[in-house]
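Everything on this sheet refers to the single structure shown next.
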Amino acid sequence: MDTLLETAGVRLMPALRSSIEEGTAGAALLNGLDGTTKTFFEDFARRTAGHAMADSMASVSLTLVAADQQDRPVGVLSVTAPGTVIERALDHGYSDVEALTLSVAIGKVHGLAVADEARGQGIASTLMKRAWQVYEQLDYFLLYGSFETERDLGSLYTGCGYSVHAAGQGFLLDRIGLPFGVNAGPDQCVFTRWRPRR
């Protein structure tokens, strides 16, 4: 899994790696999927009170792995709490709890990779679509991520239902009442998928 993610220039964050090893990564997500959105919010609140922010964020992180017939990982997707958005919220005067609550509204696609020998089989699309199903079921407002322009992945993400922004173009978060947005470097393309308005 680590080796695959490294091909995309990404590493698992230490707190998430520890949570995966302990079997607690994504625990709030799993409890929410087994129950209701209310169950999910309550479970996340319980995992937040008195816990380190990194541990709380790991409870809403999703790591999906695709394996071949020999049970070898050939694809991996890591979706995490939106660390950058949380930091921006703190910079704008939000309390720790208010900022951390954004973890149950926004997910960040941290890394996506498919082994060379498994490309062209739709694995990346399947992982992205499955992640959206999970977060949509839990009433998330947004999944977003970015890729380096030289990787030319726009068609992959648009095919999975995401909007791909022009190189260097960020996006605003006013749709969920936040007075700031997510920026992109000049060599990055951001992709977003918002929950449809109800």
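For the single chain, residues carry numbers from 1 onward in sequence order.
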Taking a hydrophobic cluster as the set of Ile, Leu, Val, Met, Phe, Trp and Tyr residues connected by side-chain heavy atoms closer than 4.5 Å, whether directly or through intermediates, do L102 and W194 fall within one such cluster? yes
Minimum-distance pair of heavy atoms, taken over all atoms of A81 and S61: N-OG, 3.8 Å
Just verifying a value: how many Å separate L77 CG and L127 CG, rounded to the nearest 0.5 Å? 5.5 Å
Can you tell me how far CZ of F41 sits from CG of N31, rounded to the nearest 0.5 angstrom? 14.0 Å
How far apart are the C-alpha atoms of T39 and T36, what are their side-chain angles, what is the distance that settles it, and do they pass the side-chain hydrogen bond (donor to acceptor under 3.5 Å, both in side chains) test? CA-CA 5 Å; T39 307; T36 63; 2.9 Å; yes
With distance as the sole test, does R195 use its side chain to make a donor-acceptor pair with the main-chain N or O of E136 at under 3.5 Å? no
Qualifying residue for side-chain contact (heavy atoms from CB on, under 4.5 Å) with L29, from V79, V104, L62: L62
CG of D43 to OG of S59, rounded to nearest 0.5 Å, is 7.0 Å
Are any of the side-chain heavy atoms of L173 and Y144 separated by less than 4.5 Å? no
So do the side chains of T80 and S78 get within less than 4.5 Å of each other, counting heavy atoms only? yes
Taking all non-hydrogen atoms of both residues into account, name the closest pair between A28 and V60 and its distance. CB-CG1, 4.1 Å
Carboxylate-amine/guanidinium contact E42 R46, below 4.0 Å: no
Kindly indicate, with the supporting measurements, whether the criterion side chain to side chain contact (heavy atoms under 4.5 Å, CB included) is fulfilled by M128 and V109. CA-CA 9 Å; M128 287 296 295; V109 177; 4.1 Å; yes
Quick one: sort the F171 and H165 rings into parallel, tilted or perpendicular, breaks at 30° and 60°. parallel
Start with the C-alpha distance between L112 and L156, add both sets of side-chain angles, then the distance that settles side chain to side chain contact (heavy atoms under 4.5 Å, CB included), and finish with yes or no. CA-CA 11 Å; L112 172 65; L156 166 69; 3.9 Å; yes
Spatial distance of atom OG1 (T192) from atom CG (L143) [nearest 0.5 Å]: 10.0 Å
Please confirm whether the backbone N or O of C160 pairs with a side-chain atom of R193, one donor and one acceptor, at under 3.5 Å? yes
When you look at CD of Q70, are more than 12 heavy atoms from neighbouring residues, nucleotides or ligands closer to it than 6.0 Å? yes
With a 3.5 Å distance limit and no angle check, can you tell me whether S103 reaches the backbone of L100 through a side-chain donor-acceptor pair? yes
Summary of salt bridge (Lys or Arg N to Asp or Glu O under 4.0 Å) pairs that have at least one residue in residues 62-81, sequence neighbours excluded: D68-R72
Atom CH2 in W132, atom CD in Q137: separation rounded to 0.5 Å? 12.5 Å
Please name the pair of heavy atoms, one in V74 and one in A118, separated by the smallest distance, quoted to 0.1 Å. CB-CB, 3.8 Å
Expected output: side-chain S56 to main-chain R47 donor-acceptor under 3.5 Å: yes
Scanning both residues in full, the closest heavy-atom pair of L138 with G32 reads CD2-C, 3.6 Å
Plane angle bin for Y162 and F191 - parallel if under 30°, tilted between 30 and 60°, otherwise perpendicular: perpendicular
What pairs meet the ring pair (Phe, Tyr, Trp, His ring centres under 6.0 Å) rule with one or both residues in residues 54-84, with sequence neighbours excluded? none
From CG (D152) to CZ (F147), nearest 0.5 Å: 7.5 Å
Hydrophobic clusters here meaning ILVMFWY residues chained together by side-chain heavy-atom distances under 4.5 Å, can you tell me if L64 and L33 are in one? yes
Can you name the closest pair of heavy atoms from G75 and I123 and give their distance? CA-CG2, 4.1 Å
List for me each residue that meets side chain to side chain contact (heavy atoms under 4.5 Å, CB included) alongside L90, sequence neighbours excluded, and say none if there are none. I86, D96, A99
Assign the ring pair Y94 / F180 to parallel, tilted or perpendicular, where the plane angle (0 to 90°) is split at 30° and 60°. perpendicular
Report yes if some heavy atom in the side chain of I106 is under 4.5 Å from a heavy atom in the side chain of I176; otherwise report no. yes
